[in-house]
2 protein chains.
Amino acid sequence: MPHRDERDVLSTLPGYALRRAANAMMSDFATRLGTADLRISDASVLQIIGERTDMTSSEIGKVLDIQRANMVPLVNRLEKAGLIARKPIDRKSSAIVLTSAGLERLATARTITSQFEDALIARIPEQHRQCFVETLNALWD
Amino acid sequence: MPHRDERDVLSTLPGYALRRAANAMMSDFATRLGTADLRISDASVLQIIGERTDMTSSEIGKVLDIQRANMVPLVNRLEKAGLIARKPIDRKSSAIVLTSAGLERLATARTITSQFEDALIARIPEQHRQCFVETLNALWD
DNA sequence: TATTGTTATACTCTATAACTATA
DNA sequence: TATAGTTATAGAGTATAACAATA
């Protein structure tokens with residue numbers, strides 16, 4: 001666990017504070033998902049294709065901000081784990097679809113994600129919770 | 001540039017939103033610091049030892065949430081670049097101190113950091129700015 | 001021509017284990 | 001005994017360039 005030091009200038013800078021908060025939270029999230037043998041990016045992909053159908057690897061990458069080239073080992077790993085399958089759209093592209101095992105794992109991922117999100121929200125002062133996601137998405141858009 | 005999609009469930013989850021916002025901002029910050037031949041962690045170290053004197057490598061690591069082992073190549077690189085020097089405290093430990101070149105580079109890093117922080121703050125809706133750092137530090141503590 | 005999927009590669013960051021030497 | 005510094009190593013994320021095949 002990190003410890004904040006009131007002499008630490010960096011704690012007053014939004015950028016550094018954002019970086020450290022995100023690192024701490026993502027480390028926690030990764031540990032939780034690890035119990036289901038999933039990485040954060042794995043869970044992200046399962047969530048996406050659980051919501052929207054007929055997405056190609058490239059499209060998923062665009063939504064998740066992961067480059068085409070880096071989607072390849074990710075999708076291959078999920079396919080080897082039996083969680084997703086490739087469904088040809090035309091001779092060039094394939095949709096990434098959930099298998100039944102993938103659907104089950106997605107349910108697990110959702111449970112873990114909910115628990116993580118609840119724990120995260122619980123750490124935010126109550127009066128600030130409402131604007132938090134709004135603010136973060138303003139930074140990402 | 002990523003594009004937010006209203007159909008994207010992940011945008012509604014604080015954890016994912018935190019992750020993507022942090023990634024986008026840190027990528028921007030890294031690019032800016034790159035013009036001064038610095039990484040984010042380099043700039044962090046310079047900032048820290050510019051504020052507090054006689055800190056050892058381990059102590060810097062604790063403040064920055066970087067492990068002892070990972071401080072080694074970082075400090076070595078800064079030393080090779082002539083930005084910091086090791087000042088023996090006893091036969092076991094050394095304080096990491098700024099050289100004159102390091103002091104100059106710190107000034108550059110501070111300018112870049114300010115510009116980056118200003119750009120970041122500008123993207124946050126005005127009514128939410130006040131609680132932003134407070135909220136992030138609540139997640140990190 | 002532009003896009004999709006892919007391979008190969010390299011760099012950064014992070015994590016762990018183990019060792020030496022000193023406090 | 002605990003801590004500081006170090007080495008080695010491995011995993012994960014990310015970035016670029018290049019290529020073939022297809023839209």
Side-chain angles (χ1 to χ4, degrees), chain A residues 1-2 16 18-20 22-34 37-45 54-81 84-97, chain B residues 1-2 16 18-20 22-34 37-45 54-81 84-97:
Chain A
M1 282 293 152
Y16 277 104
L18 176 61
R19 174 170 131 103
R20 293 199 284 202
N23 286 346
M25 288 297 101
M26 289 311 113
S27 169
D28 177 20
F29 192 28
T31 301
R32 290 169 186 257
L33 283 172
D37 202 25
L38 290 173
R39 302 180 190 172
I40 295 176
S41 49
D42 295 339
S44 309
V45 169
D54 290 328
M55 293 190 78
T56 65
S57 173
S58 297
E59 286 168 348
I60 297 169
K62 275 175 195 156
V63 174
L64 294 179
D65 220 2
I66 299 173
Q67 300 192 37
R68 268 201 332 277
N70 296 328
M71 285 298 297
V72 176
L74 204 171
V75 168
N76 284 345
R77 191 160 28 79
L78 291 174
E79 190 178 31
K80 270 185 191 163
I84 59 112
R86 287 172 162 89
K87 189 183 80 180
I89 293 177
D90 50 37
R91 279 187 301 174
K92 183 177 164 188
S93 307
S94 290
I96 310 297
V97 297
Chain B
M1 280 292 154
Y16 278 101
L18 176 61
R19 173 170 132 103
R20 293 198 282 201
N23 285 347
M25 289 296 101
M26 289 311 114
S27 169
D28 177 19
F29 192 28
T31 301
R32 290 168 186 258
L33 283 171
D37 202 26
L38 290 173
R39 302 179 189 173
I40 295 177
S41 50
D42 295 340
S44 310
V45 168
D54 290 329
M55 291 190 80
T56 66
S57 173
S58 297
E59 286 167 348
I60 296 168
K62 275 175 196 158
V63 174
L64 295 179
D65 219 4
I66 299 172
Q67 301 193 36
R68 270 202 328 279
N70 296 328
M71 285 298 296
V72 176
L74 203 171
V75 168
N76 284 345
R77 191 159 29 81
L78 290 174
E79 191 177 31
K80 270 184 191 164
I84 60 112
R86 289 173 161 87
K87 191 183 80 179
I89 293 176
D90 52 36
R91 280 187 300 173
K92 183 178 165 187
S93 305
S94 289
I96 309 298
V97 298

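Each chain gets a letter, A, B and so on, in the order the sequences are listed, and its residues count up from 1.
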Enquirer: Within residues 72-79 of chain B, find the residues that approach DNA chain D with a heavy atom at under 4.0 Å, and present them sorted by residue number.
Expert: B:V72
Enquirer: Using side-chain contact (heavy atoms from CB on, under 4.5 Å), reason through B:I96 and B:E79 one step at a time and then give a plain yes or no.
Expert: CA-CA 9 Å; B:I96 309 298; B:E79 191 177 31; over 6 Å; no
Enquirer: Check A:R19 against B:S44 and note the closest heavy-atom contact, atom names and distance.
Expert: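 A:R19 and B:S44 have their closest heavy atoms at NH2-OG, 4.2 Å.
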Enquirer: For B:D42, which contact category applies under a 4.0 Å heavy-atom criterion: base, sugar-phosphate, or nothing?
Expert: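 No contact.
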Enquirer: Would you mind reading off the distance between A:F29 atom CZ and D:dG13 atom C1', rounded to a whole angstrom?
Expert: 16 Å
Enquirer: In whole angstroms, how far is the P atom of D:dG11 from the CG atom of A:L33?
Expert: 19 Å
Enquirer: Minimum heavy-atom separation for A:Y16 and B:I40, please, with both atom names.
Expert: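 Scanning both residues, the minimum pair turns out to be OH-O, 4.0 Å.
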Enquirer: A:V72 and side-chain contact (heavy atoms from CB on, under 4.5 Å): which partner among A:V75, A:N70, A:L74, A:N76?
Expert: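 Testing each of A:V75, A:N70, A:L74, A:N76 against A:V72, the sole residue satisfying side-chain contact (heavy atoms from CB on, under 4.5 Å) is A:N76.
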Enquirer: Classify every nucleotide of nucleotides 15-23 of chain D by which part a protein heavy atom approaches to under 4.0 Å, writing B for the base, S for the sugar-phosphate alone and - for neither, in 5'-to-3' order.
Expert: BBB----BS
Enquirer: Which atoms form the tightest heavy-atom contact between B:M55 and B:E59, and what is the distance?
Expert: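 Reported closest heavy-atom pair: CA-OE1, 3.3 Å.
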Enquirer: Say whether, by atom type as modelled, one donor and one acceptor occur between the side chain of A:S27 and the main chain of A:N23 under 3.5 angstrom.
Expert: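 Such a contact is absent between A:S27 side chain and A:N23 backbone.
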Enquirer: Would you mind reporting whether B:D42 and B:L33 have side-chain heavy atoms less than 4.5 Å apart?
Expert: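 Counting from C-beta outward, B:L33 and B:D42 never come under 4.5 Å.
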Enquirer: Check whether more than 12 heavy atoms from other residues, nucleotides or ligands sit under 6.0 Å from atom CG of A:D37, and answer yes or no.
Expert: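 Open: at most 12 neighbouring heavy atoms sit under 6.0 Å from CG of A:D37.
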Enquirer: What nucleic acid atoms does A:R19 come within less than 4.0 Å of, heavy atoms only: base, sugar-phosphate, or nothing?
Expert: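 Result for A:R19 = nothing.
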Enquirer: Check every nucleotide of DNA chain C for an atom under 4.0 Å from a heavy-atom of chain A, then give the first and the last such nucleotide from 5' to 3'.
Expert: C:dT3 to C:dT14
